[in-house]
Amino acid sequence: MFTFLSPLLIWGALLGVIPIIIHLLNRRRFRRVEWAPMRYLKLTIQRNRRRIQIEQLLLLLLRIALPVLLFFFLARPLVNPTGLERWLGGGGRTSHVILVDDSLSMGYVSDGPPAFHRAREVAAALLAATRPGDRCTLVASSAPRTPVFLEVEGTRREELSGDALSIPQTETHAAWPAVLEGVDGVLQSCTYPTRQLTIITDLRKAGWEAGVSAIARRWNEQGLHVRIVDVGADEVANVALESLVPLDRTILAGAESRWEALIRNASPRVITGAKAILRVDDRPIELTLPEIAPRQTAKVPLTVRFPGSGPHDVSLQLPEDELPGDNQQWAAVPVKDSLLIRLVDGEPSSEPFGSEVDYLAAPLSIGVGDAEAWRVETVQEEDFLSPRFEPADVLVLANVAAPTAEQATQLARLVRGGMGLMIFTGAKLDHGLYNDLLYRTGEKLLPLPLKAQVDGEIRGLFIEPVRPSPIEKLLELRPSALERVTARQIMTVGDEADEAKVRVLARWNDVARSPAIIERVVGDGRVLFWTSTADRAGNDWPIEPSFVLAVREAVRGTARPTSLANTVTAGDRPRRVVRSSQQVVNAKVSPPGTGEPQALAAVPLADKAADDLGPAVAIDLPDTRRAGLYRLTWDEGPLGTQQDLFAANPDRRESALARIKERDLKALLQPLKLEVASARGDGIDAFSATGQEVWHQLAWGLLALLILEPILATWVGRSR
C-alpha cells in the first residue's frame with residue numbers, strides 16, 4: 001500500500017497525458033494522398049508496421065512515465081504506511097488496548113504543547129475512531145494493572161474520549177519491562193481473540209531495557225498487533241534538581257542542619273543568576289544559585305533550621321524550564337528535640353575529672369545552637385543496656401572491661417539499627433574478650449582485631465584526608481594543634497582490613513603509623529574505636545582544645561541518623577506502622593495540591609506481636625504517583641488526632657531525555673512486528689504517515705528514463 005508525504009504534488013502526474021496529446025496531434029498533421037509509387041511502398045510498410053508501432057508505443061510510454069515519475073518523486077511515496085485510518089481498521093470485532101505513557105518525561109515542552117498533551121489527544125482520537133462492535137481499554141503506564149476503563153464498547157466514543165483527555169500526568173518512571181508485564185495481564189482478560197495494543201509514548205531511552213524481549217516473544221506467538229505512537233520531541237535540553245539530602249546524620253530542633261542540593265545542567269546554556277525557592281514548612285526563602293556550566297553538575301550547600309520537634313518538610317524549587325516536573329524536591333523530616341548520649345564509665349571516681357568519662361562529658365554538655373539539644377547521661381558498666389533506659393543515639397564505652405555475650409548481641413542489633421557506638425580503650429579493657437564477642441563471633445563491631453596495650457611516648461597525631469568522615473572538621477586545624485598531642489599508651493590492632501566498611505580516620509606519629517581512630521559501618525550505624533583512653537591516663541589529648549572538637553564531631557558523625565524513610569520516590573507505596581493501646585480510626589491522607597482528603601484503612605498486623613506500646617496497625621498510602629507532600633492523620637482515642645508527613649519526589653531516571661532510535665526499539669522487541677507512527681499535531685491530524693520511503697529508487701529510475709528517452713527517440717526517428 002502507498003501513501004504520500006506531499007499528496008498535493010501527485011496531481012502533477014496528470015502531465016503524463018501531454019505526450020499522448022502530442023502523439024495524436026502528430027498523427028493528424030499530414031493528409032493522405034494516394035499516388036502511384038506509394039503502392040510499391042505499401043508492401044514494405046506493411047512488413048515493418050508492427051515493429052514501428054511497438055517502437056513508437058515504447059517511446060510514448062517512456063515519455064508518459066517521465067512526468068509521472070517526476071511528480072511521484074516529489075510527492076515522496078511511502079510503502080506500508082501507518083495512519084489513524086489503518087490502525088483501528090480490519091475485519092471482525094477487536095479488543096483495543098491503548099497504553100498512555102504518563103511518566104515525568106512526558107511533560108517536556110518543545111515548540112508546541114507538552115508531549116503528554118499530544119498523547120491524550122491521540123488517545124482520544126483513536127477512541128473516537130473505534131467501530132461500535134469493538135471493545136476499548138485505556139491504561140496508564142504508572143498503573144498498568146489498573147486500567148482507567150476496561151473492555152468498554154465502542155458505541156460510547158464520546159465518553160471514552162473524554163476519559164482519555166482527563167488522565168492526569170504523574171512524576172513516575174516508566175520501566176517498560178514492568179509496564180508491559182502489567183499490560184499483559186490486561187490483554188489476557190480481553191473479550192475478543194483479535195487484540196491490538198497501541199502504546200503512546202515519547203520514546204525516551206530510559207526504561208527500555210532487555211527485559212521487554214521475553215514479553216515481545218510471547219506476544220508474537222499470540223499474534224498480538226502492537227503499534228507505537230511517538231509523541232516526543234527530539235530536544236533533550238533540561239535542568240534537573242536530582243537530589244536534596246542532609247549532610248548531618250542527626251537533625252535537631254532549633255539547631256542548624258546542613259543540606260546539599262545536586263543540580264544537573266543538561267542543556268547547552270550557562271545557568272547564571274538563577275533564583276531558587278527554599279521552603280521550610282511552607283515558609284519561602286529566595287536563594288541565588290551559583291553559575292553552572294553546560295553539561296555540568298553542581299552541589300549547592302544549604303542551611304536549614306527547624307523550629308521544633310516533630311514532622312517537618314523542606315523543599316527546593318528551581319526556575320521552570322522545558323521539563324518542569326523535575327525542578328523540585330521535597331523531604332519529610334522527623335525532627336528530634338535532643339540527642340541522647342550515654343556514657344558508660346568503666347572507671348568511676350568521685351574526684352573532679354577522675355572518672356573515665358569526665359573529659360567526654362564536659363565538651364558534650366555544651367548546647368548546640370539556640371537549644372540544649374544534647375543530653376548526656378553517665379551509667380555504670382553493669383547495666384548500661386538495661387531495658388528501663390531510653391534508647392541512646394550514641395553509646396560510649398570508656399575503659400569498659402568487656403560486655404557479656406547477651407550485651408554483645410544487643411549491641412550488634414542496636415548498632416545495625418542506627419545507634420552510634422564509640423569505644424575507648426584503657427587498662428581494664430580485656431582485648432581477648434572484645435575480640436571473641438565483637439569481632440570473631442556474630443556481626444563484627446570492632447573495625448580490626450585488638451592485639452595488646454603498649455607503652456611508649458608518641459608525639460603528634462595525623463588526620464587522614466578522607467571524606468566524608470566523622471572527624472573531617474579536624475582537617476581544618478593547623479598542624480601544630482595536633483603535633484603537641486602526646487600519647488603514652490595505645491592499643492595496637494591487627495593488620496588493616498581491605499574492607500569498604502572499615503577506614504582509619506586518624507594515626508599516631510610513630511614509626512608504624514599506628515591507627516588512632518578507626519571506623520566500621522554496621523548496617524545503619526557506625527562504630528568508632530579510639531586506640532587510647534578517654535582520660536589522661538594514656539594520653540594528653542583530653543586537655544587539648546582539639547579534643548573538644550574531635551569528640552563533638554565524632555558524636556555528630558556517629559549518632560543515630562534522622563530517618564528519611566518517609567521521603568520516597570513517586571509511585572512507591574509507603575506504610576506507616578502505628579503501635580498504640582488505643583483504637584486507630586479515621587485515617588486520612590491529603591494529597592499534594594488542593595485534593596480532598598482520602599479515607600484510608602488501618603489494618604492490624606498479625607505478624608507483629610503487641611509490646612508495651614500496644615498492638616501494631618498499618619496505614620498504607622495507596623497512590624503517591626504525584627510528587628509533593630502527603631499529610632497523614634488518624635485518631636487514637638483520648639490521645640486525639642495524630643499526624644505524620646510523607647514526601648514523594650520525581651523519579652530522577654526520567655530526567656535522562658536521550659531518545660531511543662526506532663531500529664534499537666525494534667531490535668529490543670524482536671521478533672514482534674512493530675509499527676511506529678509519529679504524532680505531530682492534535683486529534684485526528686496527530687498522525688503523520690510513516691513507513692519506508694522509496695524516493696531513492698524513484699530518483700535512480702528517473703535518471704535512467706532521462707538517459708533512455710533520447711536514445712530511443714533517435715532510434716525510432718531513423719530513416720527506414
Side-chain angles (χ1 to χ4, degrees), residues 340-366 374-386 388-389 392 394-408 410-411 414-415 419-439 445-447 449-458 461 485-493 506 508 514-518 527-544 546-548 550-552 554-555 558:
L340 176 58
I341 307 164
R342 181 167 293 125
L343 307 178
V344 184
D345 193 348
E347 192 174 1
S349 172
S350 58
E351 297 293 327
F353 290 96
S355 294
E356 194 73 30
V357 298
D358 287 347
Y359 285 95
L360 297 174
L364 294 177
S365 300
I366 303 173
W374 288 12
R375 292 182 291 138
V376 181
E377 64 178 35
T378 302
V379 299
Q380 305 305 311
E381 60 180 298
E382 290 79 14
D383 60 351
F384 66 90
L385 290 179
S386 173
R388 71 176 185 275
F389 289 151
V394 180
L395 182 68
V396 182
L397 304 182
N399 196 15
V400 173
T404 64
E406 181 182 355
Q407 288 174 334
Q410 286 184 268
L411 280 175
L414 291 170
V415 173
M419 185 189 75
L421 176 62
M422 293 168 55
I423 303 175
F424 288 84
T425 187
K428 292 179 57 179
L429 186 143
D430 188 331
H431 64 273
L433 282 176
Y434 268 78
N435 287 334
D436 291 339
L437 295 172
L438 302 183
Y439 191 81
L445 292 184
L446 288 177
L450 309 183
K451 294 176 68 175
Q453 292 272 11
V454 296
D455 297 329
E457 185 170 311
I458 303 172
L461 184 71
V485 174
T486 302
R488 294 176 294 278
Q489 184 184 74
I490 65 171
M491 174 69 72
T492 57
V493 296
W508 297 109
S514 302
I517 305 174
I518 320 168
V527 179
L528 285 189
F529 184 82
W530 305 63
T531 60
S532 192
T533 60
D535 62 1
R536 296 187 61 191
N539 64 95
D540 290 336
W541 197 12
I543 62 173
E544 294 289 337
S546 60
F547 185 74
V548 176
V551 170
R552 291 180 64 86
V555 166
T558 59

Taking C-beta and beyond as the side chain, do E351 and D358 meet within less than 4.5 Å on heavy atoms?
-> no
Name the orientation class of the two ring planes belonging to F353 and Y359 (parallel below 30°, tilted from 30 to 60°, perpendicular beyond 60°).
-> tilted
Does some side-chain heavy atom of L446 sit less than 4.5 Å from a side-chain heavy atom of V493?
-> no
Distance-only polar pair, side chains of S532 and W508, donor-acceptor under 3.5 Å = no
Hey, are the side chains of L421 and L445 touching, using non-hydrogen atoms and a 4.5 Å cut-off?
-> yes
So do N399 and E381 actually touch side chain to side chain, heavy atoms under 4.5 Å?
-> no
Check: D345 side chain, A398 main-chain N or O, donor-acceptor pair, under 3.5 Å = no
K428 side chain vs G346 backbone, donor-acceptor pair below 3.5 Å | yes
Looking at side-chain heavy atoms only, is the closest gap between V527 and V415 below 4.5 Å?
-> yes
Distance from F424 atom CZ to W530 atom CH2, nearest 0.5 Å?
-> 4.5 Å
May I ask you to decide if P363's main-chain N or O and R552's side chain share a donor-acceptor pair within less than 3.5 Å?
-> yes
D430 side-chain N/O to A401 backbone N/O, donor-acceptor pair under 3.5 Å | no
Residue pair L411 / F384, side-chain heavy-atom distance below 4.5 Å = yes
Apply side chain to side chain donor-acceptor pair (under 3.5 Å) to S350 and list each qualifying residue two or more places apart in sequence or on a separate chain.
-> none
Between T425 and Q453, does any side-chain donor sit less than 3.5 Å from a side-chain acceptor?
-> yes
Under 3.5 Å donor-acceptor, H431 side chain and A452 backbone = no
Any side-chain heavy-atom pair from Y434 and P449 closer than 4.5 angstrom?
-> no
Ignoring hydrogens and geometry, is there a side-chain-to-backbone donor-acceptor pair from T531 to P515 under 3.5 Å?
-> yes
Do L385 and L414 have side chains that get closer than 4.5 Å, going by heavy atoms?
-> yes
